[in-house]
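Notes follow once the structure below has been shown.
This is a predicted model, so every value here is computed, not measured. What's counted below: heavy atoms across the whole structure, side chains too, no hydrogens, waters or symmetry copies.
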Amino acid sequence: MSLSLPAAATLSRLETFGMRLGLESTEALLAALGSPQRSFPAVLIAGTNGKGSTSALLASIAHHAGLRVGLYTSPHLEAPEERVRIGGEALLSAELSELVLEVVAAGERVLGAPPTYFEAFTAVAFCAFSRHAVDLAVLEVGMGGRLDSTNAADPVLSVITPIALDHQEHLGSTLERIAREKAGILRRARPAVVWIEEQEARQTVAELAAELAIPLEFADRTVAIEPVAGDPWDGQRMILRTPDHCHDLSTALLGEHQRRNVALAVRAAETLRALGWRGIGHDAIEQGVRAVRWPGRLEAIELPTGRRVLLDGAHNPDGVLALERFLDPLGPFDLLFGALADKDLAHMLPSLAGRARRITLTAPPTKRAQPPELLLDLLPQTVAHLEPDLERALDQALADGSAPLLVCGSLYLVGAVRTSLRRRFGVPAAATESLFV
């Protein structure tokens, strides 16, 4: 199924309006829709890297605790339906189409102009969660926190993942300023669980939490993670010691950084249990962590040819660093890279390229893409193939290769490659499939 033609055309039109930071328009839109965000309890998850994975993990734990859970994430990889899920299942196209048209019509009526794409989708998610009477909504913040549309919700728990430099043109040029924006999701006297190791960001969040009398936990200090050796391509197992329990956990999510995301999600779940969600026990945590998948983030795909493809949406230097930690012990790989022009590409591409055996540079399917010839300027001493057309670039990257192929630089690129691989080889499963396997 796919969105109705009117809904698809409406979303396409909204994409041309860009972004708008601030809650005034979102709050007016939600008021016109009956304030759906007030009909369910919510957890807000902000941060620079890992917030999507942490959101999916927490939603899976809540689902396995028997809760009817809504999950809102962004951006999507392949289809807009991915952004809004009930119980891990993407919203049906017909319902999403209906809600998109209803929300945009309300926005034009009360705002005198259409809402932005993200404002509209946030309102759609809130309406869907209200309509389906979810017990809990897990909301991934889009950008920042203080002025993000998701912050129109009133969270019972706030979660912040690691903070790094990204979106500086909107959030500020220092970790302190970015942390202040992320911490805008905190609520007076309500708990927050964070994983922030950078001292500047940590101090900023701690000071703001103290001003608001917030019970704040730095999970990076309260949780011990003991990895259990195994095949790095075959998921991972870890012993997690929290103030509440010692968990023996397995997850299909790859990479050292995902252990941190698991730890943060588990502490968020344990905090919810302390707030009254008694069904969130050890069994739900173990099952939820084991069951979750998160497409496009260090996702390993075995092609029928035997070739392994690794898809990763890393699009900032800290994300690339986490990716490199996974790659370092694995030996040679080929690289297919494309990215957006507004990213810190000088601190992303050269390091990855220096580890790669063969390099193909291309452009993600968006007007914001960096032309591959400009990517080549960052690699003056490196041989790389240029192919602006993504399908031909993928042909080239897959040809005559035995080493794993890494596809990274942008979620736009990863989403398009996922779709192309499925058309060619029948794998992987569509991103709209259930997140909880």
Side-chain angles (χ1 to χ4, degrees), residues 30 34-47 50-74 82-91 95 99 121-142 145 148-161 185-187 189-194 214-215 217 219 242 244 261-292 294 434-436:
L30 292 172
S35 298
Q37 77 280 12
R38 296 180 183 172
S39 64
F40 51 82
V43 177
L44 266 178
I45 300 183
K51 60 188 176 185
S53 301
T54 304
S55 299
L57 284 158
L58 180 58
S60 182
I61 292 169
H63 172 77
H64 285 86
L67 298 175
R68 189 170 182 78
V69 60
L71 175 63
Y72 177 49
T73 59
S74 62
E82 300 165 35
R83 293 175 177 240
V84 185
R85 296 179 183 264
I86 310 291
E89 303 289 341
L91 207 62
E95 183 174 7
L99 286 172
F121 244 107
T122 302
V124 163
F126 291 169
C127 288
F129 297 158
S130 178
R131 175 184 289 186
H132 287 271
V134 300
D135 300 310
L136 180 71
V138 180
L139 310 174
E140 179 193 359
V141 172
D148 190 81
S149 292
T150 56
N151 206 29
D154 192 22
V156 297
L157 170 66
S158 299
V159 178
I160 304 178
T161 69
I185 68 168
L186 301 178
R187 295 296 189 273
R190 295 185 186 174
V193 182
V194 306
I214 288 171
E217 177 181 343
T242 76
D244 290 357
N261 295 331
V262 167
L264 185 56
V266 167
R267 276 311 282 158
E270 291 177 337
T271 303
L272 286 174
R273 177 178 172 82
L275 290 173
W277 275 268
R278 306 306 300 170
I280 304 179
H282 171 67
D283 287 347
I285 288 172
E286 181 180 298
Q287 294 165 14
V289 171
R290 184 174 60 246
V292 78
W294 191 228
S434 177
L435 287 183
F436 311 148

Quick check against the 3.5 Å criterion: does E217 have a side-chain atom that pairs as donor or acceptor with the backbone of V194? no
Within the side chain of Y72, is there an N or O that forms a donor-acceptor pair under 3.5 Å with the backbone of R85? no
So I280 and H64, do their side chains get closer than 4.5 Å, heavy atoms only? no
Do H132 and E95 meet the criterion of a side-chain donor-acceptor pair at a distance under 3.5 Å? yes
Side-chain heavy atoms of L139 within contact of F129, under 4.5 Å: yes
Derivation and outcome, side chain to side chain contact (heavy atoms under 4.5 Å, CB included), residues V134 and V69: CA-CA 5 Å; V134 300; V69 60; over 6 Å; no
Any donor-acceptor pair under 3.5 Å from R278 side chain to R273 backbone: yes
Mark yes or no for whether K51, through its side chain, and G142, through its backbone, hold a donor-acceptor pair below 3.5 Å. yes
Tell me, with the steps shown, if D154 and R190 meet salt bridge (charged side-chain N to carboxylate O under 4.0 Å, His left out). CA-CA 10 Å; D154 192 22; R190 295 185 186 174; 3.1 Å; yes
Minimum heavy-atom separation for G279 and A65, please, with both atom names. O-CB, 3.5 Å
Which value, rounded to the nearest 0.5 Å, describes the distance between S60 atom OG and W294 atom CH2? 12.0 Å
So, does T54 use its side chain to make a donor-acceptor pair with the main chain of A265 at under 3.5 Å? no
Say you draw a straight line from CG of L136 to CH2 of W277; how long is it, rounded to the nearest 0.5 Å? 5.5 Å
Any non-hydrogen side-chain atom of L264 less than 4.5 Å from a side-chain atom of L57? no
What are the two closest non-hydrogen atoms of L99 and A128, and how far apart are they? CD1-CB, 3.9 Å
Is the closest side-chain heavy-atom distance between I86 and L91 below 4.5 Å? yes
Distance-only donor-acceptor check, side chains T73 and E82, under 3.5 Å: no
Tell me, do P191 and L275 make a side-chain contact under 4.5 Å, heavy atoms counted? yes
H63: what forms a ring-ring contact (aromatic ring centres under 6.0 Å, His included) with it, not counting sequence neighbours? F436
Just so I know, are the side chains of V141 and I185 near enough to count as touching, which here means a heavy-atom distance under 4.5 Å? yes
Please report the shortest heavy-atom distance between G47 and T161, naming the atom on each side. CA-OG1, 3.1 Å
With a 4.5 Å limit on heavy-atom distance, are the side chains of L272 and V43 in contact? yes
Between A152 and L30, the two heavy atoms sitting closest are CB-CD1, 3.7 Å
What's the spacing between S55 OG and I45 CD1 if we round to 0.5 Å? 3.5 Å
Checking S130 against S39: is there a side-chain donor and acceptor pair closer than 3.5 Å? yes
More than 12 heavy atoms of other groups within 6.0 Å of R131 CZ: yes
Do D244 and R267 pass the side chain to side chain contact (heavy atoms under 4.5 Å, CB included) test, and can you show the C-alpha distance, the side-chain angles, and the key distance before you say yes or no? CA-CA 9 Å; D244 290 357; R267 276 311 282 158; 3.4 Å; yes
Using side-chain heavy atoms (C-beta onward) and a distance below 4.5 Å, is I285 in contact with E270? yes
Can you confirm whether the side chains of D148 and T150 place a donor and an acceptor under 3.5 Å from each other? yes
